[in-house]
Amino acid sequence: MNNLIVAIDDIHPEKGWGVEGDVQIEYLKKLNEKFGVKFDFFVPSNYHNKFPITKEFVDFWKQYDWVELNAHGHFHACEGEAIKAKSPDGQDVWMELGEMEFLELEYGPAVQRIQESLNLWEQCGHRPRGFRPPGWGVNQQSADAISNYFDWVAGHNEIHDGITWGCQFFEGRDGIHQTDNIQLYGNTFMFTSHINGTHNDNVWNEENFLHFEKVLEYLLSQYKIQFKTISEIK
Ligand SMILES: [Zn+2]
């Protein structure tokens, strides 16, 4: 038996990004009704310091037992623009931070940021068990902080090479739009996606929805599959 996980990043209370009435939600509902697909949402708790999660938003999603709400940083944004890093050949280089919130935080500030986030989650009546770093970005200190607060982290098998996690680590990054080279991690298929946005190809638009439906039909014809959330296979 194989597990199949579908992760969706960046869901937050903004029109088009995972609120009632959004077309993307209809796609997710259809996949759940047709195949029984479950979803792991990775939710920034105060996206760009503009869209704090609300009890109404959390309650809306908690009514569906096929959705797990996980943490995805607090602001999903950085204060700085770049950070000094080492290139593969040992040179000092400037690396753009982009939205890699936890790449610029050392241990103490990372703990503070997580507590700020979890306080807001708690006010909304939910304690997320899983975490994915925004933009996949962490350093060893912020990874240590994250490990202290969450049961598991969903990360990137290559980018997170060399980082030690003090909690369970799930790898996998096949996009919902991908056509080939879909791989098994152990006995689990792990699809990643974004609810919306212009930076990524794996967003929930109609084209990707129709494509992913075909991918599922194919995988179901070839494998014995059970749809799970990550906490259900932890
Ligand atoms: Zn993100």
Side-chain angles (χ1 to χ4, degrees), residues 5-19 22 24-25 27-28 39-54 57-58 61 67-83 95-105 109-110 113-114 116-118 120-121 124 126 128-139 142-143 145-147 149-150 152-160 163 165 167 169-178 190-205 208 212 229-231:
I5 306 283
V6 182
I8 310 180
D9 290 9
D10 298 353
I11 290 185
H12 64 266
E14 179 183 2
K15 194 168 167 30
W17 295 78
V19 295
D22 287 346
Q24 296 99 320
I25 293 179
Y27 300 150
L28 308 187
F39 299 91
D40 270 287
F41 287 3
F42 291 92
V43 179
S45 38
N46 188 1
Y47 188 75
H48 290 199
N49 208 5
K50 280 188 199 145
F51 299 99
I53 51 171
T54 61
F57 171 80
V58 170
W61 283 115
V67 167
E68 177 175 29
L69 293 174
N70 303 297
H72 187 46
H74 190 47
F75 298 127
H76 203 285
C78 296
E79 280 169 31
E81 287 186 354
I83 197 169
M95 185 174 166
E96 266 190 58
L97 280 165
E99 307 214 345
M100 294 188 278
E101 182 179 12
F102 281 78
L103 190 61
E104 71 173 347
L105 300 178
R113 190 67 56 85
I114 294 165
E116 196 178 332
S117 169
L118 289 177
L120 186 51
W121 275 108
C124 299
H126 181 66
R129 295 176 62 189
F131 184 94
R132 186 200 306 279
W136 309 109
V138 286
N139 57 54
S142 58
I146 292 162
S147 301
Y149 285 90
F150 296 95
W152 53 263
V153 165
H156 194 294
N157 37 311
E158 286 155 23
I159 295 173
H160 294 142
I163 296 280
W165 298 96
C167 60
F169 179 73
F170 289 91
E171 61 180 11
R173 57 186 172 90
D174 288 323
I176 53 161
H177 65 307
Q178 202 168 309
M190 171 84 81
F191 288 94
T192 56
S193 65
H194 288 81
I195 193 70
N196 201 339
T198 51
H199 290 298
N200 297 287
D201 297 327
N202 59 357
V203 293
W204 284 92
N205 55 29
N208 286 342
F212 190 58
T229 62
I230 295 177
S231 285

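Numbers here simply count residues along the sequence, with the first being 1. This is a predicted model, so every value here is computed, not measured. Order of appearance sets the numbers: ligands from 1, and atoms from 1 within every ligand.
- Side-chain contact check for His194 and Asn202: at least one donor-acceptor pair (N or O, by modelled atom type) lies under 3.5 Å.
- The NE2 atom of His12 sits 13.0 Å away from the CZ atom of Phe41 when rounded to the nearest 0.5 Å.
- Angle NE2(His72) to the Zn ion (ligand 1) to NE2(His76): 100° [nearest 10 degrees].
- For Glu99, every N, O or S atom stays at 2.8 Å or more from the Zn ion (ligand 1).
- Nearest to the Zn ion (ligand 1), among the N, O or S atoms that Asp10 has, is OD1.
- Phe57 and Phe51 have their aromatic ring centers separated by at least 6.0 angstrom.
- Between Phe131 and Tyr149, the ring centre distance reaches or exceeds 6.0 Å.
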